[in-house]
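To start, the structure under review is shown below, and the notes come after it.
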Amino acid sequence: MNILITGAKGQLGTELLRQSPDRCFSAFPVDLPEVDITSSDLVRAAIHDAGASLVINCAAYTQVDMAESQDMIAYRVNSLGPAILAHVCSEAKIPLIHISTDFVFDGRQRTPYLETDSVSPISVYGKSKAAGDAAVEKILNRHIILRTAWLYALHGHNFVRTILRLGAERDTVKVVSDQLGCPTCAVDLAETLLALAEAVRTQGEIAWGTYHYCGKGVISWYEFAQAILDIAKPYISLKTSQVDPITTDQYPTPAKRPAYSVLNCEKIQNEFGIYPKPWRESLEKMIYLMLAAS
Ligand SMILES: NC(=O)c1ccc[n+]([C@@H]2O[C@H](COP(=O)([O-])OP(=O)(O)OC[C@H]3O[C@@H](n4cnc5c(N)ncnc54)[C@H](OP(=O)(O)O)[C@@H]3O)[C@@H](O)[C@H]2O)c1
């Protein structure tokens, strides 16, 4: 089965590409500058050239704070792009798996968000992603929108790499302790996407719609940072031994973030037998890989 992967040079795209051969998929990776998802002509040509029978869209504008001042580009990539992908997939009569985010929710809830909960984003990034999801839902029946959260990978900009760098450079590292969520390893998310692709390949028609997938367990950014340093400590020289907890008010950012970013993942378990992996086990494996690669 040929799969077109858009945004293939990003954190998730890179991991998806790495795993595809193991699952016997032929992956056709595309990214900027060659294939901009906001160009229907380029997307149409890419689907044709790949002979794709499925598109997985990992492309996005992911700079959450920058999006507050760069709303035009955020909306273009995160809303228009998925709309174009859905439209061209509809023309080509192929399904689309599109990745979305916990940032479509406002974080006021205190129980894990269900796929059916109303979205109410509080940032430009979240609004632009929610608009993209809505476009996909409207344009293409055969879609999966997979919402995830707190994503990190071997490569790219992410919290794990940042904390490892800061821990090596600084005596103290302060991290917010009043935002809760579920760290998600790109390795696990890519496995999930390929399991969904396998379901499409073998069954043709599957239970299309919106699903959640994130790491198992709920922690704060502060606890996440402390775990990263604890795991890495025996292997690298760190200046920081203990992370200092602070509140969101003490760390103002241009974009507001949900205080509670926990996604309920029961639907994907029940429908596809895909179970979230415990966040700490996945983090340990990823840190060993990061340290081995450095
Ligand atoms: N990172 C997280 O914590 C997180 C959390 C929840 C959900 N998600 C979602 O997960 C998905 C993957 O995220 P990620 O962290 O892997 O993102 P990423 O590392 O930022 O990768 C996104 C890729 O898309 C490319 N891209 C940007 N604009 C494009 C366009 N117009 N056409 C084609 N490609 C374009 C980027 O290229 P450039 O680098 O050149 O711009 C980059 O290679 C996204 O949908 C994101 O919203 C991420």
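Just follow the structure's listing: the first ligand is 1, and inside any ligand the first atom is 1. Keep in mind the model is a prediction, meaning the values are calculated, not measured.
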Taking 4.0 angstrom as the limit and counting only heavy atoms of [X], give me the atoms of ligand 1 inside it, by number and element.
| X | answer |
| --- | --- |
| Thr101 | 6 (C), 7 (C) |
| Lys9 | 43 (O) |
| Ala59 | 24 (O), 33 (C), 34 (N), 35 (C) |

Could you check whether [X] pairs with [Y] (Lys NZ or Arg NE/NH1/NH2 to Asp/Glu carboxylate O, under 4.0 Å)?
| X | Y | answer |
| --- | --- | --- |
| Arg257 | Asp65 | yes |
| Arg280 | Glu284 | yes |
| Arg44 | Glu91 | yes |

[X] near ligand 1 by a heavy-atom separation under 4.0 Å:
| X | value |
| --- | --- |
| Val35 | yes |
| Phe103 | no |
| Gly156 | no |
| Ser100 | yes |

#### Entry: atom 39 (O) of ligand 1 protein-contacted, heavy-atom criterion under 4.0 angstrom
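No; the ligand atom in question lacks any protein heavy-atom contact below 4.0 Å.
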#### Entry: Name of the residue among Thr210, Ile206, Leu96 meeting side chain to side chain contact (heavy atoms under 4.5 Å, CB included) with Ile144
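Single side chain to side chain contact (heavy atoms under 4.5 Å, CB included) partner of Ile144 among Thr210, Ile206, Leu96: Ile206.
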Kindly say whether [Y] contributes a backbone atom to a donor-acceptor pair with the side chain of [X] at under 3.5 angstrom?
| X | Y | result |
| --- | --- | --- |
| Lys267 | Leu114 | no |
| Ser69 | Met66 | yes |
| His212 | Tyr113 | yes |
| Ser282 | Trp279 | no |
| Glu223 | Ser220 | yes |
| Arg170 | Lys239 | no |

Purely on distance, is any nitrogen or oxygen of [X] under 3.5 Å from one on ligand 1?
| X | result |
| --- | --- |
| Thr148 | no |
| Ala149 | no |
| Lys129 | yes |
| Val77 | no |
| Asp31 | yes |
| Tyr61 | no |
| Gln11 | yes |
| Ile37 | yes |
| Gly7 | no |

Which residue owns the protein heavy atom closest to [atom], what's the atom, and how far is it?
| atom | result |
| --- | --- |
| atom 21 (O) of ligand 1 | Gly10 CA, 3.2 Å |
| atom 12 (C) of ligand 1 | Cys58 O, 3.6 Å |
| atom 17 (O) of ligand 1 | Thr62 CG2, 3.4 Å |
| atom 41 (O) of ligand 1 | Leu32 CD1, 4.2 Å |
| atom 5 (C) of ligand 1 | Trp150 N, 3.8 Å |
| atom 10 (O) of ligand 1 | Ile99 CG2, 3.4 Å |
| atom 46 (C) of ligand 1 | Tyr125 OH, 3.6 Å |
| atom 16 (O) of ligand 1 | Leu12 N, 2.9 Å |

### Lys277/Glu191 under side-chain contact (heavy atoms from CB on, under 4.5 Å): CA gap, chis, key distance, verdict
CA-CA 11 Å; Lys277 303 252 177 79; Glu191 272 176 23; 2.8 Å; yes
## Note on the structure
Between Gly51 and Asn2 the two heavy atoms that sit nearest each other are O-CB, 3.4 Å
Heavy-atom side-chain proximity of [X] to [Y] below 4.5 angstrom:
| X | Y | value |
| --- | --- | --- |
| Val35 | Leu4 | no |
| Tyr260 | Arg110 | yes |
| Ile163 | Phe224 | no |
| Asp133 | Arg147 | yes |

### Message
Please verify the inter-ring angle class for Trp221 with Phe159; under 30° counts as parallel, over 60° as perpendicular, anything in between as tilted.
### Response
tilted
Just let me know how [X] lines up against ligand 1, side chain, backbone, both or neither, with a heavy-atom cut-off below 4.0 Å.
| X | value |
| --- | --- |
| Ala60 | both |
| Phe159 | neither |
| Asp36 | both |

### Task
May I ask which of Leu42, Leu151, Ile145, Leu263 has a heavy atom nearer to atom 3 (O) of ligand 1 than the others do?
Leu151
